[in-house]
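Below: one structure, written as structure tokens.
Numbering of residues begins at 1 and proceeds along the displayed sequence.
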Amino acid sequence: MIMETAAITTSEDIKPCCTPAREAGARAGSPKPLAGGGKRRVAPHAVAIPGGQALVGTQAPQIPDEGEGPLRKIRLNGFLIGATAVTNAEFAAFVEATGYVSEAERFGWSFVFWAQVPDSYGPTEGVVEVEWWRRVDGAYWAAPNGPGTEKACLPDHPVVQVSWADARAYCDWVGGRLPSEAEWEHAARGGLGDVPFPWGDAQPDDHTHTPCNIWQGQFPDVNTCRDGYATTAPAQSFEPNGYGLYNMLGNVWEWTSEPYRIRSLKRHVKDRLRAMKGYKLSKGGSFLCHRSYCYRYRIAARSGTSPDSSTTHHGFRVVWEAE
């Protein structure tokens, strides 16, 4: 069972989506300076995305209070983007070259989904109201579920347990950056225009249509794994979109370069945003998303997360300026 112990709280008890936040005032300590940063190292799998008119948002928001609408048109320059999220192998190469120490390592613990916590660990602390997230000492990117789980760090799977600062550090090392929300959505649409999913309009379900790695069953207790995966899938899996990009929805949440902002006149939204000051925007949903709880595996969907948080379902991909 997952509700074994007294739970810890998150910043201001605000828990946007299914991603927990570290306690307000927590400190990880100073990162080690990087070596060899700034050199342009474009991934071999990077894809050129054409510039021009791009769409952001939707005319049919499913969670209006999170700023999904309205649909608007903007102009973008062309750019390069990783066909996949950054993998464990790619992140390991970065750590080997620079000696980088992630924020989870400096905190000494991170968040692990309850079903991924080894039985041998015994009781663990959970997060108020989302007790399926457990605090696990020693969890970080190379041992994502805690000490002794290094085998879960599969080379071709997306790196997880990375904070916004960790993602930024990697991007700096390869001479790239995190995508803006507009760039991410433009790339995710794959040239299809105003569609909710990278493959078009067809809604994923629990039985017959599983085009991405999300939850099937009853969240958070029963996952039938109809799509073939209980946790992350390889970064290059499922069918790519029209631009050749994999897993723009599902698998892992992806950090963007932007703060989490919502234009709203509603008092309860403003109050929530005040508590989330400093949070960063993530896109795409993860293997834990299900329509009954977290219907955010849509292009226009959005989530805000404290930048120092790291979990077993959060990664990133890199954008480079077009030459």
Within a radius of less than 6.0 Å around CD of E239, do more than 12 heavy atoms belonging to other residues, nucleotides or ligands occur? no
Flag if over 12 foreign heavy atoms under 6.0 Å of CG, N77: no
Suppose we call two aromatic rings close when their centres sit under 6.0 Å apart. Are W253 and F316 close by that rule? no
Regarding S237 and N247, do their side chains bring together a donor and an acceptor under 3.5 Å, going by distance alone? yes
Working to the nearest 0.5 angstrom, can you tell me the gap between R135 CZ and R22 CZ? 8.0 Å
Qualifying residue, where the test is salt bridge (charged side-chain N to carboxylate O under 4.0 Å, His left out) with R302 and the options are E258, E181, E68: E181
CG/D271 to NZ/K266 distance, rounded to the nearest 0.5 angstrom? 13.5 Å
In terms of side-chain geometry, is the basic nitrogen of D206 or R226 positioned less than 4.0 Å from the acidic oxygen of its partner? no
What I want to check is whether the side chains of Q216 and D227 have a donor and an acceptor closer together than 3.5 Å. yes
Within 45 degrees of the ring normal and closer than 6.0 Å to the centroid, is that where the cationic atom of R168 sits relative to Y170? no
With a sphere of 6.0 Å drawn around CZ of R75, does it hold more than 12 non-hydrogen atoms of other residues, nucleotides or ligands? no
CH2 on W164 to OG1 on T256, rounded to 0.5 Å: 8.5 Å
I'd like to know if the side chain of Q161 reaches the main chain of T311, judged simply by a donor and an acceptor atom lying under 3.5 Å from each other, with no hydrogens or angles considered. yes
Looking at E185 and K283, is any side-chain nitrogen of the basic one under 4.0 Å from a carboxylate oxygen of the acidic one? yes
Between R134 and W114, is NZ or CZ placed under 6.0 angstrom from the six-membered ring centre and within 45° of the ring axis? no
Which other residues belong to the hydrophobic cluster containing V117, where Ile, Leu, Val, Met, Phe, Trp and Tyr are joined when side-chain heavy atoms lie under 4.5 Å apart, directly or via other members? V112, Y121, V136
Can you say whether the rings of H186 and Y243 are parallel (under 30°), tilted (30 to 60°) or perpendicular (over 60°)? perpendicular
To the nearest 0.5 Å, how far apart are NE2 in H45 and CG in L245? 10.5 Å
Step-by-step side chain to side chain donor-acceptor pair (under 3.5 Å) determination, Q116 to T312: CA-CA 9 Å; Q116 296 173 269; T312 50; 2.9 Å; yes
For the residue pair F111 and W109, categorise the inter-ring angle as parallel (less than 30°), tilted (30 to 60°) or perpendicular (more than 60°). perpendicular
Whether the W184 and E254 side chains hold a donor-acceptor pair (N or O, under 3.5 Å, no angle test) is what I'd like checked. yes
Indicate the ring-plane relationship of H313 and F287, choosing parallel, tilted or perpendicular according to the 30° and 60° boundaries. perpendicular
If we ignore angles and hydrogens, is there a donor and acceptor under 3.5 Å between the side chains of S282 and S303? no
Using modelled atom types and a 3.5 Å cut-off, is there a donor and acceptor pairing between side-chain atoms of E66 and backbone atoms of I63? no
Could you tell me whether the side chain of D172 and the main chain of A169 form a donor-acceptor pair under 3.5 Å? no
Gap separating the CE atom of M248 from the OG1 atom of T84, nearest 0.5 angstrom: 11.0 Å
Between Y246 and N241, a side-chain donor and acceptor under 3.5 Å: no
Parallel, tilted or perpendicular: rings of W215 and F113 (30°, 60°): perpendicular
Without swapping roles, check the side chain of S309 against the backbone of T305 for a donor-acceptor pair under 3.5 Å. no
Hey, what do you get for SG (C294) to CD1 (I214), rounding to the nearest 0.5 Å? 10.0 Å
Taking R298 for the side chain and P196 for the main chain, is one N or O donor matched with an acceptor at less than 3.5 Å? no
Flag if over 12 foreign heavy atoms under 6.0 Å of CD, E150: yes
What class does the angle between the rings of H314 and W255 fall in, given that below 30° is parallel, 30 to 60° is tilted and above 60° is perpendicular? parallel
May I ask you to establish whether R177 and W320 are in a cation-pi arrangement, using a distance under 6.0 Å from NZ or CZ to the six-membered ring centre and at most 45° from the ring axis? no
Does R72 CZ have over 12 foreign heavy atoms under 6.0 Å away? yes
